[in-house]
Structures are given as C-alpha cells and as structure tokens.
K.L.:
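One structure follows; several queries about it will come next.
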There are 2 protein chains.
Amino acid sequence: MLVTNIYGGVVDSEPGGRRGRTRMLLLECALDLFERQGYERTTVGQIAATAGVTEMTFFRHFAAKDRLVVEDPYDPVIAGAVAAQPRTMAPLARAVAGLRAAWGRLPEPESTTVRRRVRIAAATPPLRAAISANNAATEQILVDQLVADGADPGSARVAAAAVLAGITAALLDWSQRDGVALTDVVSAALDTLEGRR
Amino acid sequence: MLVTNIYGGVVDSEPGGRRGRTRMLLLECALDLFERQGYERTTVGQIAATAGVTEMTFFRHFAAKDRLVVEDPYDPVIAGAVAAQPRTMAPLARAVAGLRAAWGRLPEPESTTVRRRVRIAAATPPLRAAISANNAATEQILVDQLVADGADPGSARVAAAAVLAGITAALLDWSQRDGVALTDVVSAALDTLEGRR
DNA sequence: CCGTAAATGTTAGTCACTAACATTTCAATC
DNA sequence: GATTGAAATGTTAGTGACTAACATTTACGG
C-alpha cells in the first residue's frame, strides 16, 4: 500500500510486494544508467523501458526524477537531538551540538546504494540544488526548535542554514573519498563549524 | 552587444540599446506577474506575450525562467576580501572575516528591484534552490582561496558552504522585513556564524 | 471461480527549453 | 537617401519532465 511520509516522500509499507519490487527495480536501473551515462543524459522514458515499465508507472513510484537520488529521512532524529541540548548555548553552537548528538544515533550507511546516490548527486549540479531544497524541511524544524527555546528568529535561521549546508558539503565530500567513515567526515565538519579547525 | 560574464550570466554592454530595453521590459513584466499570481503559475509564454515578444526571444535574454529572479554578481568582491584576511585564522573565521570586509564595499541595494526579486525567491522553494545552486560558483572561489593558503580542503568546503548558506538565509530574512538595512541583517548573521549570538 | 482493489497501461495534454532557419530592424557607410 | 551587414527578433518543429482522466490487467481473499 502506498504511504506518504511527513517529508513528502512515498514509501511502500510492504517492501516485499509487487509495488516494492517495481520500485527497487526502477531504482536499480536508474542508478546503473546514471553511472554509465550521467543523470542528465538519462531520460525517465529510458529508465522505465529498462525496467520494463511505462513512464507513467515511474511517476507513480517517484514524484520526480531527482527523487531517485535525493531523500532525507533523518529529520526527526536531528530535531530531537537539538531539543536535548542546553538552552543556554548560542544558536550555532546548539545546532552543532544537537547534530553531533544526532549523528551518534544514526547508522553508518552500510548499503552501497547510499554512496552511489550521493556520488551521483555530487557530480550533478541540479541534484546538489535538489539536496538544498530538501534541507529546507529540516531547516524549518531546527529553526522552530531553536526559536521555541528563546533564540532570535534571524539568528536561528542563519545558524540552521549554515549547519545543514556544512553537513551537506561534508556528505558530498565523503562520497568522493574512499576508505573514510562518514562519521569521521561529519565529525570533522562539526569541528569546523565550531571554529575549531 | 551580447556579453557572457564569468558566472554564465548574460549582460548587455549597451543598456540603452534595443536589446537592453527588451530585457528590462521582460524583467518588469515578469516581476509584476510573479507578484500578482506567483512564480510557478506564471508561464514564460505569458511573460513574453505581456512584453509583446516571442517566447524564443525571452530565452535569448534569460537562459532560464529562474534567471529573472536569481543572479549573483558579487563573487569577485567576496573572493578578494577573503584573500585579504590573515592566513592564520581557522577557515570558518577567515571566511566570515572576509565576507564582513567584502560587505563593507558593497552598495546598499537602492533599487526596489533587488528587494522584489529576493522577496519572490523567498516565497518560492524552487527559487531558493536556484539560489543555492548559484552559490556553488562563489563557494568554489572561496574554497580555492582558503585551500591555496593552507586550509584543509574538507574544512574549507564546509566553512565556505556554511557561511554562504548563512548569508543567503539572512538575505531571504531581510526581504521579509520592513525598515531594516541589509547591512545590519548581514552583520548580525556574521555574528551568529562566529558563535557570538 | 469470482469479485475487488491495487497496480499498471494508454492517451492526450502543458510547460520549460533547444535547434535550425527565416525575417525584420537599425545604424553606419556610401 | 539608398545600401548593406549585423544584431535582434520571428517561425517551426522538436525533446523531456510531468499531469490528468480513463481503461486494463494483475493478484489475492472468499
């Protein structure tokens, strides 16, 4: 059955069913094609044909072409972690501390699919823009959290935007390197955001 | 005569000529329509028709619809100012100091067109994404500058992305308020990025 | 075997954007 | 003042992402 989560993404409640299989097949075919000939030179029609499916069916599984690569399931973890930080900190420091705490609770991405996606995004300007757009929802959550605890709205927004952009930059950087743990890259990024490097 | 600048933008070397007039007319018509009925519900064909011109002509003046709202002519000033900062600072601090110095050399936007554009962008998610994409060029310049002076590439990229995202957030914030000078908003944002607020 | 709903297919459209080629405008020169 | 050449605009025909409305197939429980 088709379920729309709070980020606007579409998730299959029954990953083993027919719908889940078609979705996975489309994703696999798409990533292969993107890696072989680039994101922009790959058409949705081509992806659908490779998966043995209609273009219309593609759009029933992915709201847009870029959703094959960009998604963001981490929002609630981040928001909760930021909320748990001391309210006396300045917005930037608090956002950084919150993200540092949040990251400890996230799993190191084991599947290569994550890395493939990020790698493709890193090489494709419009996809990097899509990631920024995607960060907007998380940013709003962060801002609300900071403001609810007395931060100046302007400062809160600046801090949230800066921290998320920094983390995103680190993520893109990580995808280009081999043998480095995502945790380490993110940790270093948070150090930088605290002015410690 | 048509000139392409280093940011990929198209500039008229003779603003008083026919080409310059058509461009200004298209821009005016577009901003009016955007404010009246929203960016996304306004088609390029509609803009062109309002300006008494063909759709094709529109694309000869603006490479894409979003270029009516998004542009970034400040890169060289920023890069030069960052280069002038002491090389002993941490990347984030240096980027902030550079931007603070750069901003002092920029004119307070006198034309209302700037504010109209930013206001429209603030209200339109895809345009906010376009601004981020547009920041990429500036970010690269910043990174090159920081790395050339011995900063770690990873830290440099994180710092550059964070600072630009913070400034952009401040700019969007400014467009929503009345009676506040852009300089003050940006200055406050830089304070936040330094962890001072 | 049957009925039903989920999943997919079909068709026809809109909108942003491109390419190739034809036409008009304008200004300098003759 | 007519001529010419380039800049500016027009025309036509297309591609690709995406949507809407409706038809058909697939799978699964009774």
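Within every chain, numbering begins at 1; the chains are lettered A, B, ... in the order of the sequence lines, protein sequences first and strands thereafter. Keep in mind it's a predicted model, so treat the numbers as computed, not measured.
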K.L.:
What pairs of nitrogen or oxygen atoms, one from the protein and one from nucleotides 16-19 of chain D, lie under 3.5 Å apart?
P.N.:
from, atom 1, to, atom 2, distance (Å)
D:dA17, OP1, A:Lys65, NZ, 3.2
D:dA17, OP2, A:Val44, N, 3.1
D:dC18, OP2, A:Lys65, N, 2.7

K.L.:
Give a yes or no on whether a salt bridge exists between A:Glu28 and A:Arg23, defined as a side-chain N under 4.0 angstrom from a carboxylate O.
P.N.:
no

K.L.:
Just to be sure I understand the rule, does B:Thr57 reach a base, reach only the sugar-phosphate, or reach nothing, if contact means heavy atoms closer than 4.0 Å?
P.N.:
sugar-phosphate

K.L.:
Hey, are B:Arg60 and B:Glu55 close enough for a salt bridge, meaning a charged N less than 4.0 Å from a carboxylate O?
P.N.:
no

K.L.:
Counting N and O atoms only, with roles assigned by atom type, does the side chain of B:Ser187 sit under 3.5 Å from a partner on the main chain of B:Thr183, one being a donor and the other an acceptor?
P.N.:
no

K.L.:
CD of B:Glu139 to CG of B:Asp144: how many Å apart, nearest 0.5 Å?
P.N.:
10.5 Å

K.L.:
Rounded to whole Å, please give me the gap between CZ in B:Arg23 and P in D:dT9.
P.N.:
12 Å

K.L.:
Please determine if A:Arg128 and A:Asp66 form a salt bridge, counting it only when a charged side-chain N lies under 4.0 Å from a carboxylate O.
P.N.:
no

K.L.:
With a 4.0 Å cut-off on N to O distance, would you call A:Asp32 and A:Arg36 a salt bridge?
P.N.:
no

K.L.:
Taking 4.0 Å as the cut-off, does a side-chain nitrogen or oxygen of B:His61 come that near to OP1 or OP2 on D:dA8?
P.N.:
no

K.L.:
Whole angstrom is fine here: how far is it from CZ in B:Arg60 over to P in C:dA22?
P.N.:
14 Å

K.L.:
May I ask you to check if B:Lys65 and B:Phe59 form a cation-pi contact, with NZ or CZ under 6.0 angstrom from the six-membered ring centre and within 45° of the axis?
P.N.:
no

K.L.:
So, taking the atom named CG in A:Leu182 and the one named CZ in A:Arg177, what distance separates them when rounded to the nearest 0.5 Å?
P.N.:
11.0 Å

K.L.:
To the nearest Å, how far apart are B:Leu68 CG and C:dC15 P?
P.N.:
17 Å

K.L.:
Does a side-chain N-to-carboxylate-O contact under 4.0 Å join A:Asp173 and B:Arg157?
P.N.:
no

K.L.:
Between the protein and nucleotides 23-28 of chain C, which nitrogen or oxygen pairs are less than 3.5 angstrom apart?
P.N.:
none

K.L.:
May I ask you to establish whether A:Arg119 and A:Trp174 are in a cation-pi arrangement, using a distance under 6.0 Å from NZ or CZ to the six-membered ring centre and at most 45° from the ring axis?
P.N.:
no

K.L.:
Would you work out how much the helix from C:dC1-D:dG30 to C:dC30-D:dG1 bends between its ends, with each end axis defined by five base pairs, to 10 degrees?
P.N.:
0°

